[in-house]
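A quick write-up on the structure given underneath.
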Protein chains: 2
Amino acid sequence: MSGYFGAGTRAPESELEIIMSDMPSCQFESRPRRIVIGSGGVQADFCTNCSVRPTSVCSVIEPSDISRLAEVAVETIVSPGRGFIEEGAPATDFFNVTSGTVKLFKALPDGRRQITGFAAPGHFLGLAVSDSYAFGAEAIDTVRVCRFSREKMGELLDDFPKLERRLLEEASNELVAAQNQMLLLGRKTARERVASFLLDQMQAGLLPGQPPPSGGRLHLPMTRGDIADYLGLTIETVSRTLSWMRGQGMIEVGKGYAITIVSTAKLEVLAAGNS
Amino acid sequence: MSGYFGAGTRAPESELEIIMSDMPSCQFESRPRRIVIGSGGVQADFCTNCSVRPTSVCSVIEPSDISRLAEVAVETIVSPGRGFIEEGAPATDFFNVTSGTVKLFKALPDGRRQITGFAAPGHFLGLAVSDSYAFGAEAIDTVRVCRFSREKMGELLDDFPKLERRLLEEASNELVAAQNQMLLLGRKTARERVASFLLDQMQAGLLPGQPPPSGGRLHLPMTRGDIADYLGLTIETVSRTLSWMRGQGMIEVGKGYAITIVSTAKLEVLAAGNS
DNA sequence: CTGATGGGTTGATGTAAATCAATGCGGTCA
DNA sequence: TGACCGCATTGATTTACATCAACCCATCAG
């Protein structure tokens, strides 16, 4: 439990290209695993121009020190459906999502799966402490992440105390979200869960760094199966509940991954715990 | 979201005695609320002799600086069933549990309740960030806590960077526990939940700072109702499941709050996800 | 064009756990 | 002493959701 940061034993890797199959955290991936890599951290504006820097943990690093950040960050592109953190594997890296959406999950031996959260751009991954990852992570759509080795992250933390405070803030926010999710999973009905989920997704879209949803229009990148695994339900129940909400005039269900929230008020009544 | 620490506006309070009814976080408490207070932080050995210091966040403060800690800590005794953090109330303080067990919970408007965790001695409370508490806290048995104002805590963090890292570690551990609980609540059956709970409680007893359970003997301070609210079940289901486990020769259910684990192996098979 | 595949919806049926209900038991208070 | 209360256990019944199953509609490969 000591040796919190800097305990990593990862071999130095190329700054410019990585083949995912070399990463131990991807051994469970069965699909073809060629991974495209963005240009590495050679130029300083790699971080300066980062679209999520203003909203991510990196924002606490002063522009004058930005090169330090760029040195240790390796940008990686993960294609849809690909996993890049395996539950239980040695925790060698931290990640910062720069685009796309990631699902985080835990699984039981028989395959039952609980998605513990969705990570949008700006989200920091890998905080869970110990020598191995406590959860898995998989790209939903095309995802870009900044990868930091645990070791180098430790050095950064020593040099930039602000970073540590920011990580604590990040962790605390996660904790609040986790507690809300426990209330949802333990005590809410299917309808309440789906309503809460839709409102949360709308809220997330209103945050800086996300494309703003206009007129209640949501673009959910995840499948019904993902939503079910997130809400502790089955695909069928999610589908039926969405259909019921459509019938109630609460939402409109578009083709593909589009859902439009027609009545926020009705959903809020539901989510708060009425039926 | 900024003004993380040090945003508190709490008036200076007596170091020696506190009446709980003066605390805004206790307005919801209907029972008589006279609270006994331990001798305050006047002498330096207040913290030096603290039984949980070795295992709590306070352990990172050097003995030479211990007086700084004692200055800002106020020891409070909370009697059984009494709440000392109200969900949604202004978050003015942090707490460190020094003895007894605390339940942390969130509630829906109609009274449904989810216990998000039990806090044992050494546990740090209040990490959830924002101006108001995201959860409530209530003493299960007689509880002693060290209280720190948010403001003073901010000063401590500025002066002792190690403290910040320790808090991050604490938060990360909480996060792992929360993820496990999400898996439990979303995907495990009643039997699996109760088995996981019993094993967790045994594990918690093995940690330093807790009375070591001998021969699988557990003393659970919480009621069946608390267990149910923690596991997302009803009282009846918890009771039935414990009876079933007794019938299976997995446990023995004693009078009051005593449970003896007879077969850890059988419980582990259950908890891992077999029926 | 055609069959396969993955995601989604909807219907019929089953079941784990909730709900409703009765009973026991150990405190505590009048 | 007896009435009451909180907590726990156990039984009967109900129900929300899971499971099983059929089907639609894209997309994609051959």
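Note on naming: letters A, B, ... go to the chains in the order of the sequence lines (proteins, then strands), and numbering restarts at 1 for each one.
- Using a 4.0 Å cut-off, no side-chain N or O of B/S239 falls inside it from OP1 or OP2 of D/dA8.
- Of the listed nucleotides (D/dT9, D/dA18, C/dG8), D/dT9 has the atom at the smallest distance from the side chain of B/S243.
- The side-chain heavy atoms of A/F135 and A/I85, taken from C-beta on, include a pair separated by under 4.5 Å.
- In summary, B/R246 and B/E252 do not engage in a salt bridge, as defined by a charged side-chain N under 4.0 Å from a carboxylate O.
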Please enumerate all protein N or O atoms sitting under 3.5 Å from an N or O of nucleotides 21-27 of chain D, with distances to 0.1 Å.
none

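- Taking atom CD1 of residue A/I227 and atom C1' of nucleotide C/dG7, one finds them 12 Å apart after rounding to whole Å.
- D/dA16 atom P lies 18 Å from atom NZ of A/K188, rounded to whole Å.
- Mapping A/R187 and A/V253 onto DNA chain C by nearest heavy atom places A/V253 at the nucleotide closer to the 5' end.
- Close to D/dT10, at under 4.0 Å from its OP1 or OP2, lies a side-chain N or O of B/R246.
- When distances are taken from the side chain of B/T223 to each of C/dT10, D/dA8, C/dG7, the shortest belongs to D/dA8.
- A straight line from CG of B/L231 to C1' of C/dA17 spans 13 Å, rounded to a whole angstrom.
- Salt-bridge annotation for B/D229 and A/R187: present, with a side-chain N of the basic residue lying under 4.0 Å from a carboxylate O of the acidic one.
- Distance, B/W244 CH2 to D/dT9 C1': 18 Å, rounded to whole Å.
- In summary, B/R113 and B/E87 do not engage in a salt bridge, as defined by a charged side-chain N under 4.0 Å from a carboxylate O.
- Residue A/L242 is out of contact with every strand shown, counting any heavy-atom pair closer than 4.0 Å.
- Which of C/dT19, D/dT19, C/dG8 sits closest to the side chain of B/R240 comes down to C/dT19.
- Checked by atom type, the side-chain pair A/S79/A/R82 shows a donor-acceptor distance below 3.5 Å.
- A/D226 places its CG atom 11 Å from the C1' atom of C/dG7, with the value rounded to the nearest Å.
- Summarising the geometry, the separation between CG on B/L220 and P on D/dC7 is reported as 15 Å, rounded to the nearest angstrom.
- As a whole-Å value, the separation of A/L233 CG from C/dG8 C1' is 16 Å.
- Backbone-only engagement by B/G225 is indicated by non-hydrogen atom pairs under 4.0 Å involving sugar-phosphate atoms exclusively.
- Of the N and O atoms on the side chains of A/K188 and A/S196, at least one donor lies less than 3.5 Å from an acceptor on the other residue.
- The distance between atom CD1 of B/I235 and atom C1' of C/dT19, rounded to the nearest whole Å, is 12 Å.
- Residues A/V97 and A/A120 come closest through the heavy atom pair CB-O, 3.6 Å.
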